Each structure stands twice: as structure tokens, then as C-alpha cells.
2 protein chains.
Amino acid sequence: MSASVQPDLQSTSPFRTAEQREADRAAKRNALLLAAARMFNARGFHATSLDDVAASVGVTKPTIYHYLGNKEQVLIECMTIGLIQLQEAAAAARAEPGTAMERLCSFLRRYAEVNMAEFGQCVIRTGDELLSPEGLEKLRSLKRPIDAAMRSFIVEGIEEGSIVSADPKMLAFTLAGALNWPGRWYRPDAGSPPSEIATAMVDILMQGFAARR
Amino acid sequence: MSASVQPDLQSTSPFRTAEQREADRAAKRNALLLAAARMFNARGFHATSLDDVAASVGVTKPTIYHYLGNKEQVLIECMTIGLIQLQEAAAAARAEPGTAMERLCSFLRRYAEVNMAEFGQCVIRTGDELLSPEGLEKLRSLKRPIDAAMRSFIVEGIEEGSIVSADPKMLAFTLAGALNWPGRWYRPDAGSPPSEIATAMVDILMQGFAARR
DNA sequence: AATGCAATATACTCATGAGTATATAAACTG
DNA sequence: CAGTTTATATACTCATGAGTATATTGCATT
């Protein structure tokens with residue numbers, strides 16, 4: 001994209017190009033966000049001080065303000081990353097071949113997995129109460145298309161006959177609720193990996209718990 | 001229980017018996033807890049000050065300390081009420097006639113309803129992070145029998161053939177997750193009443209979303 | 001070399017809110 | 001009535017933690 005005549009430096013050179021510095025900066029920013037997400041998940045937003053987040057990365061608080069603005073911004077940024085991952089999951093599922101039902105399942109599995117990852121957990125664990133009206137509105141506008149995607153898979157599936165006919169809104173609430181919840185209890189070390197949990201839960205939701213005769 | 005020879009006073013008498021005073025005290029305590037639960041749900045635990053809770057009932061902070069101890073105690077007390085309601089739901093369902101599957105459904109519906117009520121919402125919205133180790137342990141011991149009850153309905157149902165054969169733990173997680181989630185978004189005014197939401201969700205979970213052919 | 005901007009630290013300010021010491025009034029007990 | 005307990009208020013203390021003012025270093029651009 002850039003037409004600047006930067007020679008292809010040996011990667012060991014101590015002189016960095018503008019791109020490298022840019023990347024550097026992004027890497028630091030991301031490291032701060034990841035550290036913050038982990039601590040928010042572990043202790044909760046209010047119980048996490050920016051001093052602690054900074055210290056866990058080996059810097060001090062003003063550095064966070066330099067890269068990210070205020071505390072709410074940090075949280076919003078973390079949640080935004082999680083929500084973008086969910087949007088990507090929806091887009092990927094939409095592009096798949098097969099029935100709407102298959103696309104829905106595929107989306108749901110990925111949805112559950114994202115909710116068990118650091119940034120996804122932030123999304124799940126952050127209640128609306130914690131955000132300013134502006135922040136809330138920003139995040140709502142990121143959540144809306146995800147919910148819309150889920151409902152559109154459902155509506156398509158009902159039309160095509162692969163999904164049971166039910167109120168799409170209530171069905172979406174139920175599925176989302178079930179697959180959000182692991183974001184509340186999942187811990188990276190213990191038990192089955194997220195992909196297994198996701199698969200098992202989606203199977204249950206698909207089949208229902210009533211035995212078929 | 002008391003053998004004291006209190007005459008049966010006219011209820012309009014300004015002189016209260018020990019029982020009446022006791023009841024009085026309990027009523028005040030409950031009013032404080034309800035006010036606290038509402039504010040915790042509306043703003044989150046950390047964002048709620050005991051000054052505000054007290055003011056919302058027309059008293060001041062020391063009164064709360066008089067009736068309830070410290071802030072964590074207030075929260076734990078609220079959650080305990082919710083958890084006892086869930087335990088009662090389990091006991092009631094266990095006593096019902098019919099198949100294990102029917103008892104499970106009945107339990108689940110009530111479970112969902114409790115989660116949409118004030119004290120139940122407190123249970124759902126309070127993450128483990130917010131509690132001291134001791135508080136956490138106390139609540140865990142109240143939660144355990146509820147989870148155990150759900151699993152026992154499931155296991156019975158599988159044995160009797162009315163419930164689909166699946167990992168009971170994973171099935172319980174999935175059902176609980178789905179029915180916990182309304183505690184996060186339900187607002188008493190808007191939309192359908194809790195009983196309708198509960199019924200609709202349990203139906204969906206029972207049948208699954210895959211159309212039967 | 002001079003100037004400016006990027007990155008980071010130290011060392012503050014300031015508000016909030018949990019928890020408490022103490023006073024007081026009413027109600028109950030003997 | 002005297003003494004004690006209960007219920008409640010006023011008016012503190014004190015820690016924490018968000019956010020900021022300011023200094024420092026060093027690279028970058030001319």
C-alpha cells in the first residue's frame with residue numbers, strides 16, 4: 001500500500017521503519033487489552049484497578065491512559081474485540097453451504113467458543129449497569145447485527161422446514177442464553193476444551209431433552 | 001412455641017407483644033433487603049452505595065449495619081433468599097406425581113421464574129469474583145443441592161426413558177444456562193410475564209430446535 | 001545541532017464510599 | 001420511676017483508586 005522506498009531491512013537492524021513502529025504500538029496496545037480482559041474476568045471490572053493491570057504488564061498507569069484513554073474505554077475496547085469475533089463467526093457461517101439449520105449450528109458452536117475466550121468472556125460478564133449511556137449505545141450497535149444474524153438463520157430454517165416452528169425471538173434468546181452461560185463459569189485449565197463443550201451443548205439444544213419415541 | 005400468657009390484644013392496641021416486635025423487626029429487615037436487591041440489580045453491587053440503599057427506604061446507613069452487618073452480608077442475604085426459593089422449587093417438584101420428565105419440566109419452569117424475580121436476579125447477576133472466600137463457600141453450599149436436584153431429575157428421567165440419554169452434567173449446564181440468562185435481561189415492566197417466558201423456554205429446550213420429520 | 005514528538009515514570013489531587021464512634025430518643029423491664 | 005436495651009441519626013475516619021500535572025529520556029525529522 002505504501003510507496004515509500006524503504007529498503008528490505010534485515011530483521012535484526014536496530015533501526016525500525018514507520019510500519020514496524022506502528023506494529024510495535026499495536027502490539028503494546030493489545031498486550032494491555034489482553035491483560036485488562038484477563039483481570040476484569042478474574043476479579044470483575046470494579047475490583048480491578050488500572051494500577052494492577054499496568055503492573056501485570058510491567059508498566060505504570062499513565063501508560064494505559066496513553067494507549068487507551070480512560071477505564072471505561074479499556075473495557076469497551078475489550079468487549080469490542082469479542083463482539084467483532086462474534087460478527088466474524090456470523091459472517092463465516094453465512095458463507096457456508098448446506099441448510100440454514102447447518103449454518104445455524106456452525107454459528108452456534110463458534111459463538112459458544114468465543115464466549116469462553118478472554119474477550120468473549122468480557123462481553124458476557126459485563127452487565128449493562130457498568131457502562132455509561134454512550135458506551136452502552138456503542139456496544140448495543142455491535143450486538144445488534146449478531147442477534148439479527150442468529151434470528152435470520154432461524155427464520156430461514158423455519159421457512160425451509162429444517163428448524164422447528166417457534167417464535168424466533170424466544171428461540172434466539174434461549175439459544176443465546178444457554179451458550180452465553182459458559183462464559184460465566186469456564187476456566188481455561190479445568191475440564192473439557194471449549195470446542196467439546198460447544199459441540200455437546202449445541203447437540204443438546206438441537207435435539208432437546210425429551211426422549212423421542 | 002412460647003407459653004407466655006399474653007392476652008389476645010385487639011390489633012389496634014399501641015402496646016405490642018414480643019412477637020409483634022419481632023415481626024416488626026423482620027419486616028424492616030426484609031424491606032432493606034428488597035431495596036438492596038433492587039438497587040444491586042439495577043446498578044450492580046459495586047456501583048450501589050449503602051447510603052443510597054438506606055435513603056431509598058428513608059433511613060440512614062447505620063440502620064443497615066444495625067440490621068444486617070456489612071455490605072457483603074447484605075448481598076449474601078439477598079442471594080440466600082433467592083437460593084432458598086430455588087430449593088423450594090426443587091422440593092415442590094420432587095413431591096409431584098408423574099414422570100421424572102414432568103417433574104423436571106415443572107422444576108425448570110419455576111427455576112426460570114425465580115431467576116426473573118428480585119432475589120433470584122441477585123443470584124444470577126452476582127459473579128463469584130464479588131464475594132469473599134467465606135461468602136463464596138456459604139453460597140456454594142446453598143447452590144449445590146439445587147444443582148444436585150436438577151441432575152437427579154435428569155438421571156431418573158434417563159433411566160425411565162423419558163429423557164434423552166446424554167451426559168447429565170452437560171445437560172444440566174445447558175438447561176441452567178438457558179434459564180439463568182433471563183435473570184440478566186428481564187425487566188418487570190416490559191414484554192411477557194415471567195411465567196410465559198418460562199413456559200416458552202422450557203418448551204423449546206424440551207423439543208429442541210431441529211424440526212422432526 | 002535543534003526542535004519536537006512519543007513513551008514512560010513519579011508524584012500528586014480529589015471524590016467516593018465503607019465502616020465506626022458517639023449521641024439521643026424512645027420503648028421496654030423491673 | 002430508674003436503668004437498660006433498641007432503633008436511629010450525625011458526623012466523623014480512612015483507604016482506595018481514577019484521573020492528571022509534570023518531569024525525563026530518547027528517537028526522529030529538518
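Note that the coordinates shown come from a computational prediction; the quantities given were computed from them, not determined experimentally. Naming: A, B, ... by sequence-line order, numbering from 1 per chain.
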Please tabulate the protein-to-nucleotide N/O contacts below 3.5 Å involving nucleotides 13-15 of chain C, giving atom names and distances.
none

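- Once rounded to the nearest 0.5 Å, the distance linking OG of B/S152 with CG of B/D147 reads 10.0 Å.
- A salt bridge links A/E118 to A/R38: one of the charged nitrogens lies within less than 4.0 Å of a carboxylate oxygen.
- Residue pairs meeting the ring-ring contact (aromatic ring centres under 6.0 Å, His included) criterion with at least one member in residues 137-156 of chain B, sequence neighbours excluded: B/F107-B/F153.
- Put simply, CG on B/D24 is 14 Å from C1' on C/dA26, counting in whole angstrom units.
- In this structure, the CG atom of B/D51 is 14 Å from the P atom of C/dT20, given to the nearest Å.
- Spacing between atom CG of B/L130 and atom P of C/dA18 amounts to 13 Å, rounded to whole angstrom units.
- If you check residues 131-139 of chain B against DNA chain C, you find no residue with a heavy atom closer than 4.0 Å.
- Applying the ring-ring contact (aromatic ring centres under 6.0 Å, His included) test to every pair with at least one member in residues 119-146 of chain A, sequence neighbours left out, gives no pairs at all.
- Across the protein-nucleic acid pair, B/N70 atom CG and C/dT20 atom P stand 8 Å apart, rounded to whole Å.
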Any N/O pairs under 3.5 Å between the protein and nucleotides 8-12 of chain D? List them or say none.
{"from": "D/dT8", "atom 1": "OP1", "to": "B/K28", "atom 2": "NZ", "distance (Å)": "3.1"}
{"from": "D/dT8", "atom 1": "OP2", "to": "B/Y67", "atom 2": "OH", "distance (Å)": "2.6"}
{"from": "D/dA9", "atom 1": "OP2", "to": "B/T60", "atom 2": "N", "distance (Å)": "2.7"}
{"from": "D/dA9", "atom 1": "OP2", "to": "B/T60", "atom 2": "OG1", "distance (Å)": "2.6"}
{"from": "D/dA9", "atom 1": "OP2", "to": "B/T63", "atom 2": "OG1", "distance (Å)": "2.9"}
{"from": "D/dA9", "atom 1": "O5'", "to": "B/T60", "atom 2": "OG1", "distance (Å)": "3.4"}

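- The side chain to side chain contact (heavy atoms under 4.5 Å, CB included) check on B/N30 picks up B/L33, with sequence neighbours excluded.
- A search for side chain to side chain contact (heavy atoms under 4.5 Å, CB included) contacts involving A/A47 returns A/R43, B/H46, not counting sequence neighbours.
- Residues forming a salt bridge (charged side-chain N to carboxylate O under 4.0 Å, His left out) with A/E129 (at least two apart in sequence, or on another chain): B/R125.
- One finds the CD atom of B/E113 at 5.5 Å from the CZ atom of B/R110 (value rounded to the nearest 0.5 Å).
- Rounded to an integer number of Å, the gap from A/I64 CD1 to C/dA7 P is 15 Å.
- Distance CG (B/L50) to P (C/dT16): 16 Å, rounded to an integer number of Å.
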Do any side-chain atoms of residues 186-205 of chain B form donor-acceptor pairs under 3.5 angstrom with protein atoms, and if so which ones, sequence neighbours left out?
{"from": "B/Y186", "atom 1": "OH", "to": "B/P188", "atom 2": "O", "distance (Å)": "3.4"}
{"from": "B/T199", "atom 1": "OG1", "to": "B/S195", "atom 2": "O", "distance (Å)": "2.8"}

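- For the pair B/E22 CD and D/dT5 P, the interatomic distance rounds to 18 Å; values are reported in whole Å.
- A heavy-atom distance below 4.0 Å to DNA chain C is reached by none of the residues of residues 37-45 of chain A.
- For A/R25 and C/dA7, the shortest distance from a side-chain N or O to OP1 or OP2 is below 4.0 Å.
- B/R109 CZ to B/L104 CG: the interatomic distance, rounded to the nearest 0.5 Å, is 9.5 Å.
- B/L68 places its CG atom 15 Å from the C1' atom of C/dA18, with the value rounded to the nearest Å.
- Under the 3.5 Å distance criterion, the side-chain polar atoms of B/T126 are left unmatched by any main-chain donor or acceptor of B/V123.
- Going from atom CD1 of A/I64 over to atom CG of A/L32 covers 5.5 Å, rounded to the nearest 0.5 Å.
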Indicate every side-chain donor-acceptor pair of residues 71-91 of chain A with a distance under 3.5 Å to a residue at least two apart or in another chain.
{"from": "A/K71", "atom 1": "NZ", "to": "A/F45", "atom 2": "O", "distance (Å)": "3.0"}
{"from": "A/K71", "atom 1": "NZ", "to": "A/T48", "atom 2": "O", "distance (Å)": "2.8"}
{"from": "A/E72", "atom 1": "OE1", "to": "A/S132", "atom 2": "OG", "distance (Å)": "3.1"}
{"from": "A/E72", "atom 1": "OE2", "to": "A/S132", "atom 2": "N", "distance (Å)": "2.7"}
{"from": "A/E72", "atom 1": "OE2", "to": "A/S132", "atom 2": "OG", "distance (Å)": "2.9"}
{"from": "A/E77", "atom 1": "OE2", "to": "A/R29", "atom 2": "NH2", "distance (Å)": "3.0"}
{"from": "A/T80", "atom 1": "OG1", "to": "A/I76", "atom 2": "O", "distance (Å)": "2.6"}
{"from": "A/Q87", "atom 1": "NE2", "to": "A/L142", "atom 2": "O", "distance (Å)": "2.9"}

Extract all donor-acceptor atom pairs below 3.5 Å that involve side chains of residues 169-180 of chain B and protein atoms in other chains or at least two apart in sequence.
{"from": "B/T174", "atom 1": "OG1", "to": "B/M170", "atom 2": "O", "distance (Å)": "2.8"}
{"from": "B/N180", "atom 1": "OD1", "to": "B/Y111", "atom 2": "OH", "distance (Å)": "2.8"}
{"from": "B/N180", "atom 1": "OD1", "to": "B/N115", "atom 2": "ND2", "distance (Å)": "3.1"}
{"from": "B/N180", "atom 1": "ND2", "to": "B/A176", "atom 2": "O", "distance (Å)": "3.2"}

